[in-house]
Participant: 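Next up is a structure, given as structure tokens.
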Amino acid sequence: MSNFWLAAEKMLREMEADEEYDLFAIGYVIPQVALAEGSYDESCSPFEHVTAYIQQSMVNDQVSDADQLLIKEVMDTIAEC
């Protein structure tokens, strides 16, 4: 298993504690990362998988455009993992 999942969770928790990013966006992404990890099949990179998973979740949850931008900022940060 890739260290991406642990690194992403650690980074998200640090972002949450620092309150540097929108708390709704971080709160949305944290459980999505855990759920995406459970369905990861190694057919793509972990980041690609979690990004696609979150994009689909945002559609299903009807997340507003403004909140989607905030979530994208969080995702751009964890792309470094």
Side-chain angles (χ1 to χ4, degrees):
M1 182 170 305
S2 171
N3 289 331
F4 168 82
W5 305 106
L6 294 173
E9 183 176 348
K10 181 180 182 225
M11 183 177 285
L12 287 164
R13 295 296 178 182
E14 289 171 359
M15 291 165 60
E16 182 179 45
D18 291 342
E19 297 182 17
E20 184 177 332
Y21 293 84
D22 181 80
L23 291 178
F24 166 78
I26 294 170
Y28 189 86
V29 171
I30 289 172
Q32 298 295 327
V33 169
L35 292 168
E37 180 182 11
S39 65
Y40 182 58
D41 64 6
E42 298 185 17
S43 62
C44 59
S45 76
F47 181 74
E48 290 170 334
H49 179 72
V50 76
T51 299
Y53 190 95
I54 289 174
Q55 287 174 340
Q56 184 60 47
S57 293
M58 289 190 297
V59 169
N60 292 343
D61 295 339
Q62 299 178 350
V63 174
S64 73
D65 291 343
D67 286 340
Q68 285 185 35
L69 290 174
L70 296 171
I71 292 167
K72 184 181 178 329
E73 287 178 17
V74 171
M75 292 303 297
D76 289 346
T77 300
I78 68 167
E80 302 167 8
C81 292

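Each residue takes its place number in the sequence, starting with 1.
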Participant: Under the side chain to side chain donor-acceptor pair (under 3.5 Å) test, which residues partner Tyr28, sequence neighbours left out?
Facilitator: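 Applying side chain to side chain donor-acceptor pair (under 3.5 Å) to Tyr28 gives Asp61.
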
Participant: Could you tell me which residues satisfy side chain to side chain donor-acceptor pair (under 3.5 Å) with Asp65, sequence neighbours excluded, listed by chain and number?
Facilitator: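 Partners of Asp65 under the side chain to side chain donor-acceptor pair (under 3.5 Å) test: none.
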
Participant: Please tell me if the side chains of Phe47 and Cys81 come closer than 4.5 Å, counting only heavy atoms from C-beta onward.
Facilitator: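 Not in contact.
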
Participant: For Ser43, which residues count as a side chain to side chain contact (heavy atoms under 4.5 Å, CB included) partner, sequence neighbours excluded?
Facilitator: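 Ser43 satisfies side chain to side chain contact (heavy atoms under 4.5 Å, CB included) with Asp41 once adjacent residues are dropped.
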
Participant: Could you tell me the separation between the CG atom of Asp76 and the OG1 atom of Thr51, rounded to the nearest 0.5 Å?
Facilitator: 8.5 Å

Participant: Does any part of the side chain of Tyr53, heavy atoms only, come nearer than 4.5 Å to the side chain of Val33, both counted from C-beta?
Facilitator: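 No, every pair of side-chain atoms sits at 4.5 Å or beyond.
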
Participant: With sequence neighbours excluded, what pairs up with Ser57 under the side chain to side chain donor-acceptor pair (under 3.5 Å) test?
Facilitator: Gln32

Participant: So which atom in His49 and which in Ser39 form the shortest heavy-atom distance, rounded to 0.1 Å?
Facilitator: NE2-OG, 3.0 Å

Participant: Tell me which donor-acceptor pairs under 3.5 Å the side chains of residues 6-20 have, and how far apart each pair is, sequence neighbours excluded?
Facilitator:
unit_1 : atom_1 : unit_2 : atom_2 : d
Arg13  : NH1    : Glu16  : OE1    : 3.3

Participant: Side chains of Tyr21 and Thr77 only: does a donor on one sit below 3.5 Å from an acceptor on the other?
Facilitator: yes

Participant: In chain order, what residues pass the side chain to side chain donor-acceptor pair (under 3.5 Å) check against Gln68, with sequence neighbours excluded?
Facilitator: none

Participant: Could you pull out the closest heavy-atom pair between Ser45 and Tyr40, with the gap in Å?
Facilitator: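 Scanning both residues completely, I find the closest heavy atoms to be C-OH, 3.6 Å.
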
